[in-house]
Every structure is written in C-alpha cells, then in structure tokens.
Protein chains: 2
Amino acid sequence: MIDAAGLRVMKAIADEGSFTSAANALGFTQPAISQMVRRLEQRTGTVLVERYGRQVRLTEAGQVLARHAVGVLAALDAAEEEITAIAGLRAGRVRLQAFPSSSATLVPRTLAILKARHPDITVTFTEAEPPESLAALRRGDCDVAVAFAYEGGDLGELEEDLSLLVTRRLMDDEVRLVVPRSHAHAGDEAATLSDFSGEEWIAGCPRCRGHLLSLADTAGFRPNVAFETEDYVAQLGLVTAGLGVALVPDLILNAAKHDEVATLPLAPASRRQILAVTTPDLLRVPAVAAALDALCEAAGADPKVSPAQLVGAKG
Amino acid sequence: MIDAAGLRVMKAIADEGSFTSAANALGFTQPAISQMVRRLEQRTGTVLVERYGRQVRLTEAGQVLARHAVGVLAALDAAEEEITAIAGLRAGRVRLQAFPSSSATLVPRTLAILKARHPDITVTFTEAEPPESLAALRRGDCDVAVAFAYEGGDLGELEEDLSLLVTRRLMDDEVRLVVPRSHAHAGDEAATLSDFSGEEWIAGCPRCRGHLLSLADTAGFRPNVAFETEDYVAQLGLVTAGLGVALVPDLILNAAKHDEVATLPLAPASRRQILAVTTPDLLRVPAVAAALDALCEAAGADPKVSPAQLVGAKG
DNA sequence: CAGATTGCATAATCATCGGTTATGATCGGG
DNA sequence: CCCGATCATAACCGATGATTATGCAATCTG
C-alpha cells in the first residue's frame with residue numbers, strides 16, 4: 001500500500017515546502033510529484049496535503065508519513081550500504097573448512113593473504129575432513145571447502161560427489177614413503193612399494209588408509225597395518241621409533257619436522273589433488289572469490305608461480 | 001534502488017525456505033518471485049540467493065536484506081496503521097480557534113459532543129478573534145476557525161476575506177441592547193436605536209465597536225463611547241452600574257448572568273452570523289469533518305433543530 | 001489595476017515494472 | 001528409471017510512474 005517512493009516524496013515535500021522544490025530535490029518533474037501525491041491520497045483514502053492558494057502544506061496524515069519516512073529511508077540506506085560494502089569487499093564473510101593437514105601451511109598462508117588484501121572481511125575457519133566439509137558446503141554451512149582427492153588406480157577419480165559444485169585445483173600433493181633412517185632402503189632414490197610388502201604399516205585418516213590399501217593392492221600385496229592415527233606428527237614419531245613405515249603427503253612433510261626419518265618418492269609416483277570447492281553461486285560472491293584467489297595464491301596455483309616451483313622449493 | 005516489495009520478497013524467502021512457499025505466503029506465483037530476485041540481484045550487483053540443487057538459500061547479502069526487511073516493513077505497517085487510525089477517527093487532531101464570546105457556550109458544547117463521539121481524537125482549542133483565527137487558518141496553524149460576521153447596512157457583507165476558504169453557517173446571533181433596569185425604555189418591547197443617541201455607550205471588541213458605529217450611523221447619530229472593554233461580563237457590570245448602555249449578542253446573554261439589566265431586541269433587528277471556517281482540503285479530513293458536525297450540532301444548525309428554536313428556547 | 005510570474009492540476013503519451021500463464025530443465029525420490 | 005517437485009525462462013499484458021505540453025488560479029509588480 002505505502003512504498004518507499006511515496007515516503008520519499010512526502011518527506012521531500014515536508015522538507016522543501018512545495019511540490020516544485022520537492023521535484024527538483026528528487027530529480028523529478030513537478031507533475032510527477034502531483035500525481036504521486038494524488039495516488040497516495042487515493043490509496044490511503046486520506047487527505048495528505050492541504051492546498052491553500054498556490055502553496056501546499058501537509059495535513060496531519062501527511063506529516064505522519066513524512067515522519068515515518070525518515071526512519072524507513074534511513075533503514076533502506078543502511079541496507080544498501082551493507083550490500084555495497086559486501087560487494088566492494090569492505091565487508092563480508094567467508095566460512096572456510098579445510099582438512100587437517102592443510103591447516104598447517106595452506107590455510108594460514110591463505111588467511112594472511114586475505115587479511116592483507118581485504119582486512120575488512122571476516123573469515124571463519126573450521127577444520128573438517130572432506131566428507132564433512134563438502135556436506136557442510138551442500139548444507140549451506142560453509143562457503144569454501146578445501147578437500148583432497150587421491151589419483152587412484154583410475155586417474156581422476158574423485159572420491160566425493162562433486163556434482164553441483166565447482167572445484168578449483170590448488171596443487172598436486174605428492175605422497176612419499178617415510179621410513180626410519182636406519183632402514184635398508186633409506187638411501188634409495190625412490191621407493192618401489194612392493195619392496196615394503198613385509199613392513200608394518202602406519203595408516204592415517206580413513207581415506208588415506210583406503211589409498212594405501214589401493215596402492216598396495218596394485219603393487220600386489222596386502223599391507224599389515226599395525227597402527228592407525230590421524231595425527232601426522234604421531235605417524236612420523238612412530239616411524240622414527242622404528243615401529244613401521246608410512247605414506248605421508250608432501251604437504252605434511254613441508255610443515256612438520258622430520259629430521260629423524262627418510263622420505264622417499266614413490267615409483268611410480270602417487271599424488272593427491274588439493275582442491276578448493278564451492279558452489280557456482282558462491283563463486284560470484286566477492287568475498288568467496290577473494291578467498292579462492294588467496295587459496296590459489298597460497299598454493300602457488302597462481303599463474304605467476306607454478307606448482308612445481310613451489311613444491312620444489314619446499315621439498 | 002531497494003524497495004519495500006523487494007525486502008518483503010527476501011524476507012518471505014528467508015522465512016519460507018523456498019521460492020514456491022514464499023510465493024504462496026505472499027499470494028504471488030512462483031515466477032514472480034524468481035524474477036523479483038533476479039531484478040534485485042542485478043540492481044544490487046550481488047548474489048542474493050544460492051541455488052543448490054533444487055533448494056535455495058540466502059547468501060550473506062541476501063540475509064542482510066531479509067534482516068533489514070523486518071524493521072522496514074514494521075515501520076511501514078506502523079505508518080499505515082497510523083493513517084488508517086486517522087481515517088477511521090481512532091486518532092487525529094483538530095486545532096480549533098474560536099472568538100472569545102463563543103468559548104462560553106458553543107465551544108464547550110462542541111468539545112463535549114466530539115469527546116463523546118470520538119474519544120480518541122485530540123482537540124486543541126485556542127481563543128482568538130476572527131482576524132487572528134482566520135490568519136492562523138491560512139497559515140496552517142489551525143484547522144477550524146469559529147468566526148462571526150455582522151450583517152451590516154449592506155446585508156451579507158463579510159468583513160473578512162473568505163476566498164479560498166469554506167464556511168459553514170452555524171447560527172444567527174441576534175444583537176440586543178442592554179440597558180439598566182431603571183432605564184426609561186427598560187420595559188419596551190423593542191428598542192429603536194435613535195432613541196438612545198444621547199446615552200453613553202459601552203463598546204466591546206474593535207469589530208463590535210465598528211458594528212455599533214455602523215448601526216448608529218444608519219440611525220443618524222454618532223454614539224458617545226464612554227467605555228471600551230472586550231470583557232462582556234464587565235460590559236454587563238458597567239450597564240448594571242448605570243454607566244451606559246451596550247449592544248450585546250445573544251450568545252453572551254445566554255451564557256452570562258444578567259438579572260440586573262434589561263435586554264431589548266433592536267428594531268430593526270441586527271444579527272451577526274456565527275460561522276465555522278476551514279479550507280476545502282481540511283473539510284475532507286475526518287477529524288475536521290467531525291469537528292464541524294459537532295459545531296453545527298452544538299449550534300443547533302443541525303437539520304433536526306432549527307436555529308430559531310434554539311435561540312428562542314434560551315432567550 | 002493589468003499583466004507577468006509562480007505553482008499546482010490535468011491531459012496525453014510512453015517506457016518500464018511487475019505480475020500472469022505456459023513451458024522447459026533439472027534434481028531427488030519411489 | 002520414471003515421476004514429482006522446484007526453479008528458470010519465454011511470451012504476454014496491465015498498471016505504474018515518469019515525461020511534455022498546457023491550463024488555471026493566486027500572488028507579485030509596475
């Protein structure tokens with residue numbers, strides 16, 4: 001019944017004192033004001049302005065509208081300002097979820113970049129394994145999920161349902177075999193998995209364990225998994241103690257101290273892809289786009305820095 | 001840029017969780033919501049809803065709009081409610097100005113009627129002589145002015161400029177000659193003004209004095225005005241004390257005690273019209289219209305009661 | 001007092017907005 | 001694997017809300 005335009009007009013009349021001035025103030029012509037008032041009057045069924053001679057005055061009802069206009073228009077302006085702040089990255093929120101081993105290096109670097117570039121957007125970070133983070137993304141509880149996908153026997157097979165989602169490849173994370181320094185193969189240039197079929201194995205998270213089993217299956221053995229822990233530092237400790245060998249991604253080795261163990265590249269090499277995942281719509285949200293850019297940059301997936309350089313520099 | 005309709009839609013989506021439900025809640029069809037959202041999105045340049053599969057969720061920007069919608073829509077409702085209250089006489093204001101001698105009878109009766117009939121409208125009353133009350137009306141500081149106009153030598157001549165104003169005739173107020181009980185003509189049925197050319201006169205307000213001079217001029221003499229006071233009770237007191245004679249309207253005589261004096265109708269009779277004056281626009285304001293009706297009723301100008309009856313009953 | 005000026009109202013016109021119905025595409029469930 | 005639910009799109013259409021042109025009345029001015 002009453003809309004913002006009507007209120008704006010009433011307030012302009014109250015402020016300016018005449019239809020003509022109100023029209024000028026609003027950038028309209030005088031007849032526009034005339035009929036706007038007439039429409040308002042017949043909509044509300046009340047007299048809003050009192051015409052006396054060639055001057056107009058607001059009636060009580062008109063003053064009521066003009067008075068309310070102040071608050072309503074202010075609220076609308078505030079909403080608009082908030083929206084444009086979000087659009088202009090002067091505000092906004094990104095809810096990031098990343099799997100634990102990325103929290104050590106990738107995420108902190110991303111947050112630093114984001115903070116430096118857009119200090120006014122607030123970033124929320126939650127540690128979550130890909131199944132949960134992707135579920136949160138689907139549920140709407142998360143804007144960007146950092147996940148990983150092993151390149152299994154059949155290359156490119158992603159272990160999660162990524163339909164309806166968009167992914168951005170951040171980096172390839174090579175998986176290495178970690179053995180004690182004292183191990184017979186510790187000095188090898190590369191490790192052939194079948195050489196370690198008799199070892200005791202230390203497995204990581206469920207999906208990593210699945211990957212280990214898959215690789216071993218290809219190599220023709222079934223590994224003897226003696227320990228399971230999601231804590232990579234603990235895995236390295238167990239290897240150091242000579243209690244077994246483990247497959248550990250580069251991403252971890254770059255972040256955790258591992259002087260006491262030997263890390264061998266696999267032959268043939270095995271990698272996992274680190275992916276940033278979001279939805280097509282969120283991709284167009286400035287803050288989310290900025291977060292994705294920061295992730296790429298932190299991962300070295302930016303055109304200027306090739307993934308190889310980055311991995312090489314740290315390995 | 002953002003209007004109330006858009007906010008209403010965003011809030012409905014937030015509340016209902018889907019376009020279809022929102023459309024039902026608002027009484028629209030689903031495509032209406034679809035394109036409303038699209039318009040809003042391209043106006044603001046931001047993504048407002050996130051489509052995931054066949055469900056929609058608000059983005060942060062969308063939630064901002066939905067959040068602001070609550071306040072804005074509440075304010076609009078409040079404004080609308082105030083307007084309809086005024087239209088329905090459940091609220092509203094009338095600023096009444098009346099000349100002093102009407103304050104005694106006419107105005108109190110009017111206020112009582114108004115209060116009984118529409119207890120929720122607030123009436124402001126200011127005592128003012130017609131020139132000032134009409135000026136206030138023109139200035140917009142008053143909604144209804146109760147004025148009087150003498151029917152001078154040339155009948156129907158109104159002493160005020162009533163262009164642009166509307167008048168409603170409330171009653172005819174006959175002017176009587178007031179003389180001491182002891183006066184030689186105290187027992188006459190009617191008074192011929194020329195018989196009193198030698199008297200000392202007690203004049204009232206400037207316009208009443210003007211009327212006296214006009215009547216005397218017609219009767220062929222120039223009255224000797226010994227006293228001037230706007231206080232009618234004082235006038236009666238002066239007459240009682242034998243200090244002179246005075247022309248006093250019936251309206252006063254009906255209200256003030258005057259046992260000690262004789263009141264004679266003039267021959268030929270002289271009257272003043274009591275008028276309610278307002279502007280054409282204000283006439284359509286419910287509270288003003290109600291006030292006018294009450295005035296008419298209080299004055300007996302209502303069709304059911306003729307002015308003659310009323311005046312006769314009280315004289 | 002007449003004429004110029006000012007300010008609102010009205011008429012005719014036109015673009016856009018904001019709704020409708022009809023239909024298509026796609027996701028999720030039986 | 002098909003069906004139902006949900007959103008998107010297209011075509012259409014009336015009402016809204018602006019414009020220009022003009023009229024009329026009040027006020028100011030010489």
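Predicted model only: the values in this text are computed from it and were never measured. These values consider heavy atoms only, across backbone and side chains, with no hydrogens, waters or symmetry-generated copies. Residue numbers begin at 1 in each chain, while the letters A, B, ... track the order of the sequences.
- Salt-bridge annotation for A:R168 and A:D293: present, with a side-chain N of the basic residue lying under 4.0 Å from a carboxylate O of the acidic one.
- In this model, no donor atom of one side chain and acceptor atom of the other lie less than 3.5 Å apart for B:T84 and B:E80.
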Sequence-aligned protein contact record of nucleotides 12-26 of chain D, with B where the base is within under 4.0 Å of a protein heavy atom and S where only the sugar-phosphate is = -----BBBBB----B
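- Atom-to-atom, CD of B:E50 to P of D:dA8 comes out at 13 Å; the value is rounded to the nearest Å.
- Contact annotation: A:S34 does not reach the phosphate of C:dT10 (side-chain N/O to OP1 or OP2, under 4.0 Å).
- Both tests pass for A:R207 against the ring of A:F148: distance under 6.0 Å to the centre and angle within 45° of the axis.
- Regarding B:F19, its CZ atom lies at a distance of 16 Å from the C1' atom of C:dA25, rounded to whole Å.
- In this structure a side-chain-to-backbone donor-acceptor pair under 3.5 Å is present from B:T59 to B:V47.
- Salt bridge B:R51/B:E41: present, at least one basic N to carboxylate O contact under 4.0 Å.
- The CD1-C1' distance, from B:I13 to D:dT6, rounds to 13 Å in whole Å.
- Distance A:R57 CZ to C:dG7 P: 16 Å, rounded to the nearest Å.
- Residues B:S103 and B:E127 have side chains that bring a donor and an acceptor to within less than 3.5 angstrom of each other.
- Going from atom CZ of B:R51 over to atom P of C:dA25 covers 18 Å, rounded to whole Å.
- In this structure, CD of A:E41 is placed 14 Å from P of C:dC8, rounded to the nearest angstrom.
- To the nearest angstrom, P of C:dC17 lies 16 Å from CD1 of B:I2.
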